[in-house]
Amino acid sequence: MKAPEKRGESMHPYKIVEIQFEETMRITGITYSEKKDLLFPFREVTVEVPVRMDNGDIEVFVGYRVQHNGARGPMKGGIRFHPEVDLFEVRGLAALMSLKTALMDIPFGGAKGGVTVDPSKLSLPELERLTRKYTQRIGLILGPFRDIPAPDVNTNAQVMAWIFDEYSKAHGFTPAVVTGKPVPLGGAPGREEATGKGVAFITSLAAKDFGIELQNARIAIQGFGNVGSNAAKFLHQMGAKIVAISDVNVALFKPDGINIPEAYEYYRKNRTLKGYEAEGVEVLDREDLFKIETDILIPAALGGAISKEKNVDYIKTRMIIEAANSPITPTAEKILLERRVTIVPDILANAGGVIGSYFEWVQNLQEFRWEKEEFFQRMENILRKAYTSVLDLSKREGIDLRKSAYAIAISRLAEAERLRGSY
Ligand code: NAD
């Protein structure tokens with residue numbers, strides 16, 4: 001299956017996954033036909049999403065759900081509302097989810113969904129109607145043992161609550177059909193912060209192993225949504241100095257460290273960093289964040305943020321933690337690796353979210369709940385185990401962390417496929 005190579009300036013996520021898949025074939029020992037089988041999505045659905053707007057008109061949006069691989073468990077992955085969503089992006093992100101769940105060794109496969117829409121242009125009732133219609137249209141292929149959505153870019157606990165409600169209308173009370181729900185509706189305390197908390201935890205492990213002292217490290221974080229702001233919050237609590245943050249509107253820079261709790265509150269209230277003022281904080285264009293010299297750079301916005309065309313030439317950092325999915329294009333990655341920048345790949349760095357979703361799903365199925373402390377403790381145990389295995393294989397084989405993470409994940413997927421005997 002051919003995906004377009006280019007998407008604006010950067011490469012399509014599915015193409016990126018395909019390239020990385022091929023690069024790990026030597027280590028995994030999988031055959032070309034196994035590779036083809038593992039890469040090709042299990043099922044793809046494109047749906048029309050007609051929505052009655054507040055002014056009475058009907059607007060038609062397009063929605064997608066791609067189920068990539070379910071050999072190891074029900075398929076799992078977020079739903080994104082964004083004007084740039086298309087089938088190829090969703091396909092790539094779905095494949096990443098299969099790899100992520102396999103690397104974490106949790107009993108899920110991979111999926112992803114999205115609607116091509118700018119939600120900032122919708123009223124709250126329009127957003128609710130869009131979510132409900134999209135859920136109706138993809139509802140046939142969802143289910144707690146089939147495919148379980150979660151939040152992603154521009155979707156949140158409220159959106160998950162509408163999905164849960166809409167699905168339950170047709171199937172009876174089914175909280176386990178979606179994760180990242182509000183806590184009073186079966187959400188797990190800790191899930192909302194889980195991805196950012198996991199990013200901070202992985203950053204602390206990698207910093208230690210690669211000779212960066214977290215307390216004195218200069219860290220910049222691109223994107224201040226669910227993942228970026230929570231990663232900033234937990235890194236700040238660990239004593240790290242966050243010198244720059246950004247969102248879609250602006251970047252903020254303070255050489256001796258931004259007051260993260262204050263910026264966090266400001267963003268929660270205003271949904272943007274624009275207009276935030278504090279002594280010593282310089283306001284920059286959002287892309288200028290990449291020009292700041294750092295020890296650790298954390299892209300936590302969208303895919304393709306770091307590319308040869310855009311910025312790799314002036315990025316000066318020692319380590320990149322991929323909080324976003326697919327934030328570095330393969331060409332940029334090669335350049336960074338040649339410069340000996342350590343890159344901690346997305347399927348490891350941001351896996352706290354899907355681990356949290358796994359806990360929420362388990363708790364919904366069994367109707368119990370853990371306290372936040374236990375949730376985070378268990379999440380960190382899984383992350384530590386995965387991180388250690390990735391680091392060990394990378395040292396043993398002399399390969400970078402992404403290849404190592406892919407090799408472990410692909411081997412597990414291939415083994416599950418073989419054992420299930422899909423032919
Ligand atoms: P979000 O919608 O909550 O936040 C996105 C943030 O990125 C916002 O602050 C937005 O202003 C900012 N942004 C958008 N374009 C930007 C640009 N060009 N420059 C700077 N900032 C920009 O989304 P999120 O849930 O935090 O997801 C962020 C990334 O993390 C995505 O790549 C997503 O796939 C990945 N991710 C999310 C989760 C999760 O649990 N939410 C889990 C794993 C991975």
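Counting starts at 1 for both ligands and their atoms, in listed order. Values below: every heavy atom of this structure, side chains too, minus hydrogens, waters and symmetry copies.
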- Is it true that E59 and K121 make a salt bridge, defined as a side-chain N closer than 4.0 Å to a carboxylate O? no
For a quick test of your reading: what N or O donor-acceptor pairs under 3.5 Å do the side chains of residues 109-116 make, sequence neighbours left out?
from, atom 1, to, atom 2, distance (Å)
K112, NZ, D152, OD1, 3.2
T116, OG1, V85, O, 2.8

- Query: Using the benzene-type ring in the case of Trp, are the ring centres of Y64 and Y134 under 6.0 Å apart?
  - Reply: no
- Task: Using a cut-off of 6.0 Å, state whether more than 12 heavy atoms not belonging to R132 lie near its atom CZ.
- Result: yes
- Item | Contact (N/O only, under 3.5 Å) between K100 and ligand 1 | no
- Where does A323 meet ligand 1, judged by heavy-atom distances below 4.0 Å: at the side chain, the backbone, both, or neither? backbone
- Identify the closest protein heavy atom to atom 33 (C) of ligand 1: which residue and atom is it, and at what distance? D152 OD1, 3.2 Å
- Nearest-contact summary for atom 24 (P) of ligand 1 - protein heavy atom, Å: V227 CG2, 3.8 Å
- Query: Considering only protein heavy atoms, which is closest to atom 3 (O) of ligand 1, and at what distance to one decimal place?
  - Reply: N226 N, 2.9 Å
- Item | Heavy-atom neighbours of E380 CD exceed 12 at 6.0 Å | yes
- If you compare T272, N350, V248 by their heavy atoms, the one closest to atom 14 (C) of ligand 1 turns out to be V248
- Over 12 non-hydrogen atoms of neighbours within 6.0 angstrom of CD in E277: no
- Item | Candidate with minimal heavy-atom separation from atom 39 (C) of ligand 1, of I245, D247, N249, T195 | T195
- Message: Which residue and atom name correspond to the protein heavy atom nearest atom 23 (O) of ligand 1, and how close is it?
- Response: V153 CA, 3.5 Å
- Message: Does K35, at its NZ atom, have more than 12 non-hydrogen atoms belonging to other residues, nucleotides or ligands within less than 6.0 Å?
- Response: yes
- Task: Give the numbers and elements of all ligand 1 atoms closer than 4.0 Å to a heavy atom of S246.
- Result: 20 (C)
- Is it true that atom NZ of K274 has more than 12 heavy atoms of other residues, nucleotides or ligands lying nearer than 6.0 Å? no
- Item | F224, any N or O under 3.5 Å of ligand 1 N or O | yes
- salt bridge (Lys or Arg N to Asp or Glu O under 4.0 Å) filter on D54, not counting sequence neighbours, yields R129
- Query: atom 19 (N) of ligand 1: which of K274, K112, Q222 has the nearest heavy atom?
  - Reply: Q222
- Protein heavy atom at shortest distance from atom 6 (C) of ligand 1: G225 N, 3.6 Å
- Message: Considering both backbone and side-chain atoms of E287, is one of its nitrogen or oxygen atoms within less than 3.5 Å of a nitrogen or oxygen in ligand 1?
- Response: no
- Item | Contact check: L302 vs ligand 1, nitrogen or oxygen atoms, below 3.5 angstrom | no
- Where does S229 meet ligand 1, judged by heavy-atom distances below 4.0 Å: at the side chain, the backbone, both, or neither? neither
- Message: At less than 4.0 angstrom from any non-hydrogen atom of R191, what atoms of ligand 1 do you find?
- Response: 40 (O)
- G353 N/O to ligand 1 N/O under 3.5 Å: no
- Message: At less than 4.0 angstrom from any non-hydrogen atom of N154, what atoms of ligand 1 do you find?
- Response: 2 (O)
- Task: Please determine if E166 and K169 form a salt bridge, counting it only when a charged side-chain N lies under 4.0 Å from a carboxylate O.
- Result: yes
- cation_pi(K310, F290) dist<6.0 Å, angle<=45: no
- Message: Classify the ring geometry of Y358 against W361: parallel below 30°, tilted from 30° to 60°, perpendicular beyond 60°.
- Response: tilted
- Task: Would you kindly specify which portion of H82 sits under 4.0 Å from ligand 1, judged on non-hydrogen atoms: side chain, backbone, both or neither?
- Result: neither
- Over all heavy atoms of both residues, which pair between E287 and N311 is shortest? Give the atoms and the distance, please. OE1-ND2, 3.9 Å
- Query: atom 8 (C) of ligand 1: which protein heavy atom is closest, and how many Å away?
  - Reply: Y267 OH, 3.4 Å
- Apply the test side chain to side chain contact (heavy atoms under 4.5 Å, CB included) to residues L284 and I292: give CA-CA distance (whole Å), side-chain angles for both, the deciding distance (0.1 Å), then the verdict. CA-CA 11 Å; L284 308 172; I292 296 164; 4.0 Å; yes
- Message: Taking 4.0 angstrom as the limit and counting only heavy atoms of G223, give me the atoms of ligand 1 inside it, by number and element.
- Response: 7 (O), 12 (C), 21 (N)
- Task: Give yes if a backbone or side-chain nitrogen or oxygen of A301 is under 3.5 Å from a nitrogen or oxygen of ligand 1, and no if not.
- Result: yes
- Query: In ligand 1, which numbered atoms sit nearer than 4.0 Å to a non-hydrogen atom of A300?
  - Reply: 28 (C), 29 (C)
- Note on the structure: Per-atom filter on ligand 1: closer than 4.0 angstrom to a heavy atom of R80 are 31 (C), 32 (O), 33 (C), 34 (O)
